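Because the structure is predicted, anything quoted here is derived from the model rather than measured. We name chains A, B, ... by the order of the sequence lines, and we start the count at 1 in each one. Just so it is clear, the values below take in all heavy atoms, side chains as well, and ignore hydrogens, waters and symmetry mates.
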Amino acid sequence: MFELPDGTTLALSEGATGTDAAAAIGPGLARAALAVKVGDEVRDLARPLPSDNGRVRKLEVITERSGARALELIRHDTAHVLATAVMELYPGVKISIGPPIEDGFYYDFDFPDGVTLSDSDFERIEAKMREHVDADEPFVREDVSVGDALARFAREGQDYKVELIEDLIRDDGVETVSLYTNGPFTDLCRGPHSPSTKRIKAFKLQSVAGAYWRGDASKPMLTRVYGTAFFSAKDLEEYLHRLEQARARDHRKLGRELGLFMFSEISQGAPFWLPAGVVVWNALTDLWREQNRARGYTEVRTPILYDVELWKQSGHWDKYRNNMYFTDVEGRQMGLKPMNCPAHVQIFKADRRSYRELPIRLAEQGLVHRHEPSGVLHGLLRVRQFSQDDAHIFCTEAQIEDEVLRCLDLAYYLYELLGFDPRVELSTRPDNRLGTDETWDHAEGALAGALRRRGLEYDIAEGEGTFYGPKIDLHMTDSIGRSWQLGTVQLDYMMPARFELAYTGEDNAEHRPVMIHRALFGSFERLIGILTEHYGGDFPLWLAPVQAIVLPIADRHLEYGAGVHDRLREQGVRVELDERSESVSKKVRDAELRRIPYMLVVGDREAEGNVVAVREHRVGDTGTLTVAEFAARIEELVSTRAPRF
RNA sequence: GCCGACGUAGCUCAGCUGGUAGAGCACUUCACUCGUAAUGAAGGGGUCCGGGGUUCGAGUCCCCGCGUCGGCUCCA
């Protein structure tokens, strides 16, 4: 017995297939069917349904309308068709794996020596793929013994498939594997697939990239082809259009257009902050400083260059040396700090500490240098030199959960202000770790407890904690869907031990404090990158590099305009005056393109009435105000850090 | 770091199979003095990423660097 989504039940004879089920429900559904979902498992239509063993199981027929599940099916189909075409066009190519992924699929190939692929080859490959789609070739599943499968792929020289099967035998003890054949192509594949290639209505190859076999940098590099597929050309077009629009929000493009920052070959991975970018930075610094002060942090500043002895003691020499920069100073080896923690530890150690002082919360806009591999640099989001909104909290074991909760409160205060909705991750003990299980139990419990008290939903990243403690990470997504870590709250038992930190307890005995490492913006660089994309360049007034621009209509209005400009500047408004002898339309257009929130048009009427005509960015004319009224409005929006004007 | 693509004026880009560089925007000057997304004209501006090589001749072909982009790996 099967229960259908509408709650009705369906009885089928033993051995009935997915096709039979769809047909039993209705002929239209049978035609539209791509696969069936029984329980949580999606299966080929042609396969007999699993025996119900007398239980009622949920059954759903997957069609084009089934959303992500259906798209995943035909994207996986398309990956097979891609491999089919590549095998035909490039004899001797070895295939590896080709799964569906978010928004598309990929297939990894190992081309014969001397053969490379570029996107200029896509047209030819797509044409060949189209032939197979048009040919309406069924996907035929066949379950074979691992012996037969191994023999087959070994004979064909498909080494990667052989390796995959050998691993399946070794790790999972499988005795049979499934093969799927479409047209001339047979692949080792778990399935499921739709009935035939004809179900792929629209597809496109998108990019080619290198990818290590099994994601292991010591293994051969394969050629990965990315593509996507949809049920209609219209859906594909819309998707490509969305991608294009997302690229318009790219912070690297906006950063140049808005004069926020620049890069130079002469210092790879290190942003040059331009005047407009510094305004944004400083506005964020004001927020950071204000909130730190309000929440019991004290601000410090520490050096960036230290004797390597410090890094040996902290463990960075062992664990992080490859990412650090070193230099010789009069024969002494020095290293630039990649993190601020050992510096803050020095401050903690500089005095005898009492339990009465704890928690001690040291905050710093700390400039750190990390030697990131050149291939991973990415605008402001991955750089080699950056300023963290760092803080280290030295506290007792008993204070941990409250302190972590305070960190989360601050994080969410900031994130809500910025309009962020982060993904939260709790990373637990890794295999390679310091400390006892009891310590880890307590540490993980404290983090989870704080998350629970805050009512946050979170993913658990098993084993992804640092070797010195578990952590909570807050992630945001950029304009092209990549996830970046902004905030982090980490518990650390190791650093206090390595530096023999101690405080005198109520019992007059020495105790070891616990350290909490905490950065909520992550870094100002990454934050501004994400913020730029988040706002699409339209910064809220409190962050906008230029908040208003005065646009005189004709040269004879320059004097009045200059007066308006000066009065606003005295009120603390970041204001400019467009003195060019251009048309109003031109001045408005340029101000709109610069995303300036307010344009103040002044002509005869305004000069006469001692007012300004206010045009709001992306809104248009909003009427006339006196300069004082306008300044008050700005002041209100800035002081409340209003999300949008 | 690895794989691939790319690198032409400040920006965005054109430059067929080799015959010593071009557009739009921006900039400067002049004219226009304008009421809410481009007024017109003239002008200036380029070691074609750098270094080798092939060739009578290289922006164009080859090699080596550097950088950027997309992935992969990495990411306190």
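Judged by distance alone, with hydrogens and angles left aside, the side-chain atoms of A/Gln385 form no donor-acceptor pair with the main-chain N or O of A/Pro271 at under 3.5 Å. Between the side chain of A/Arg256 and the backbone N or O of A/Met262, no donor-acceptor pair lies under 3.5 Å. Between the A/Arg384 side chain and the A/Glu372 main chain, a donor and an acceptor come within less than 3.5 Å of each other. Looking at A/Tyr598, its side chain never comes within 3.5 Å of a backbone N or O of A/Phe630 through a donor-acceptor pair. With A/Lys128 contributing its side chain and A/Val86 its backbone, the two residues share no donor-acceptor pair below 3.5 Å.
Across the C1' atoms, B/U55 and B/C72 are found 40 Å apart, a figure rounded to whole Å. Comparing B/G24 with B/G43, their P atoms are spaced 12 Å from each other, to the whole Å. When the P atom is compared between B/U36 and B/C32, the two are found 22 Å apart, to the nearest whole Å. Remark: the separation of the C1' atoms in B/U12 and B/U68 is 16 Å, to the nearest Å.
Separating the CD atom of A/Glu592 from the C1' atom of B/C25 is a distance of 18 Å, rounded to the nearest angstrom. Between the CG atom of A/Asp621 and the P atom of B/A37 there is a distance of 10 Å, given to the nearest Å. The separation between A/Glu582 atom CD and B/U36 atom C1' is 15 Å, rounded to whole Å. Atoms CG (A/Asp555) and C1' (B/A31) sit 12 Å apart, rounded to a whole Å. Residue A/Lys219 contributes atom NZ, which lies 18 Å from atom C1' of B/G1 at whole-angstrom precision. Protein atom CG of A/Asp578 is 14 Å distant from nucleotide atom C1' of B/U33, rounded to whole Å. The CZ atom of A/Arg256 sits 13 Å away from the P atom of B/G10 (whole-angstrom rounding). Atom CG of A/Asp604 is separated from atom P of B/C34 by 8 Å (rounded to the nearest Å).
A/Arg605 comes within contact range of at least one nucleobase, with a heavy-atom separation under 4.0 Å. At a threshold of 4.0 angstrom between heavy atoms, the contacts of A/Leu222 with the nucleic acid are absent. Residue contacts for A/Ser374: at a heavy-atom cut-off of 4.0 Å it reaches a base atom on one of the strands shown. Nucleic acid contact class of A/Glu606 (heavy atoms, under 4.0 Å, all strands): base.
Distances shorter than 4.0 Å separate none of the side-chain N or O atoms of A/Lys586 from OP1 or OP2 on B/U33. Here A/Arg615 reaches the OP1 or OP2 of B/A37: one of its side-chain N or O atoms lies under 4.0 Å away. For A/Ser583 and B/U39, the shortest distance from a side-chain N or O to OP1 or OP2 is below 4.0 Å.
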Footprint string (nucleotides 70-76 of chain B, 5' to 3'): B base within contact, S backbone only, - free, heavy atoms under 4.0 Å:
BBBBBBB
Base versus backbone protein contacts along nucleotides 45-52 of chain B [heavy-atom cut-off under 4.0 Å; B, S, -]
--------
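Using the six-membered ring where Trp is involved, A/His392 and A/His344 have ring planes that are perpendicular, over 60° apart on the 30 and 60° scheme.
No side-chain N or O of A/Thr228 forms a donor-acceptor pair with one of A/Asp103 less than 3.5 Å apart. One side chain, A/Thr302 or A/Glu364, offers a donor N or O that lies under 3.5 Å from an acceptor on the other.
Taking only side-chain atoms of A/Ser118, from C-beta outward, the nucleotide of B/U36, B/C25, B/G4 with the closest atom is B/G4.
Note that A/Arg498 lies outside the cation-pi zone of A/Tyr468, set by a 6.0 Å cut-off to the ring centre and a 45° limit from the axis.
Under the Watson-Crick and G-U wobble criteria, each requiring two contacts below 3.5 Å, nucleotide B/G18 is left unpaired.
Contact detail for A/Tyr160 and A/Ile95: the closest heavy-atom pair is CB-O, 3.5 Å.
Among A/Leu380, A/Val368, A/Leu527, the single residue meeting the side chain to side chain contact (heavy atoms under 4.5 Å, CB included) criterion with A/Phe386 is A/Val368.
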